[in-house]
Amino acid sequence: WSGYDGFAVGLSGDGWFRVEAGATSSGRYAVVGENYGATGTVEVEGTGSRWDNRHEIYLGQSGRATMTISDGGQVTSRDAIVGRYSSGNGSAEITGAGSSWTTTGAFELGSAGTGALSVRDGGAVGSANARIGYGYGAAGEAEVTGSGSTWTNAGALDIGVSGGGALTIADSGTVET
């Protein structure tokens, strides 16, 4: 499935989007958990399964959102904004060898809301620059745990910019910046 404009999962209600078994989806940008009270769930599972966005993925814009990338699934976007506005609550889990979320721009956990990232069991994240706990009142946390789990950041990695931020690296996980 391919789109030329924005894509919402959980606009004002509950939404679910799954890419599996080597399927692919692409579009301009995506908002998961867009409005207050909405809930969005995204799952990208299996080798060859891809979700590509030319611009941003907003995960938990004003609502709640979760995204799981597993068993070799891959997600790409220019930017990743997890917990965009004050009521936004987003979380992403990247788990398993070959599973990845790669951005060419910013990766923000807690832009003004709450954002969490878990990279485990060989999962990978790639970003140009990253901020954990970016805006006033925001809360961001990330964990990279397990052998082969990596977060490779080409530029600055800032923790607790104006909000609260935490990064945990454990059990042979790796963060490079």
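Just so we're clear, the structure is a prediction, and the values are computed from it rather than from any experiment. By convention here, the first residue in the shown sequence is residue 1.
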Gap separating the [atom1] atom of [X] from the [atom2] atom of [Y], nearest 0.5 angstrom:
X	Y	atom1	atom2	value
Gln61	Asn89	CD	CG	13.5 Å
Leu109	Ile132	CG	CD1	5.5 Å
Glu34	Tyr85	CD	OH	9.0 Å
Asn53	Tyr58	CG	OH	11.0 Å
Glu93	Ser118	CD	OG	5.0 Å
Asn129	Leu157	CG	CG	9.5 Å

State whether a side-chain donor-acceptor pair under 3.5 Å links [X] with [Y].
X	Y	value
Asp52	Thr76	yes
Glu43	Thr68	no
Ser127	Trp151	yes

For [X] versus [Y], what's the shortest heavy-atom pair and its separation?
X	Y	value
Gly10	Ala38	O-CB, 3.2 Å
Val44	Arg50	CG1-N, 4.4 Å
Val32	Ala65	O-CB, 3.2 Å
Gly72	Ser99	N-OG, 2.8 Å
Ala138	Gly110	CB-O, 3.2 Å
Ala106	Asp79	N-OD1, 2.7 Å

Heavy-atom donor-acceptor pair, [X] side chain to [Y] backbone, under 3.5 Å:
X	Y	answer
Ser49	Gly46	yes
Ser172	Gly146	no
Thr39	Arg64	no
Thr41	Thr66	no

Does [X] belong to the same Ile/Leu/Val/Met/Phe/Trp/Tyr cluster as [Y], with side-chain heavy atoms less than 4.5 Å apart forming each link?
X	Y	answer
Val9	Ile57	yes
Val19	Val125	yes
Ile69	Val175	yes
Val31	Met67	no
Phe17	Val82	yes

Q. Does atom CD of Glu143 have more than 12 heavy-atom neighbours from other groups under 6.0 Å away?
A. yes
Q) Does CZ belonging to Arg131 count more than 12 external heavy atoms closer than 6.0 Å? A) yes
(Q) Apply side-chain hydrogen bond (donor to acceptor under 3.5 Å, both in side chains) to residues Asn35 and Ser12 and explain how you reach the verdict. (A) CA-CA 5 Å; Asn35 295 313; Ser12 293; 3.0 Å; yes
Q.
I'd like to know whether Phe7 forms a side-chain contact (heavy atoms from CB on, under 4.5 Å) with Ser25, so could you lay out the CA-CA distance, the side-chain angles of the two residues, the decisive distance to 0.1 Å, and finally the verdict.
A. CA-CA 11 Å; Phe7 177 59; Ser25 178; 5.6 Å; no
Q.
Do Arg54 and Arg78 have side chains that approach each other closer than 4.5 Å (heavy atoms only, starting at C-beta)?
A. no
Q | Among Trp101, Trp51, Tyr29, the one residue meeting side chain to side chain donor-acceptor pair (under 3.5 Å) with Ser77 | A | Trp101
Q. Do you know which of Val75, Asp121, Leu117 makes side chain to side chain contact (heavy atoms under 4.5 Å, CB included) with Ile94?
A. Leu117
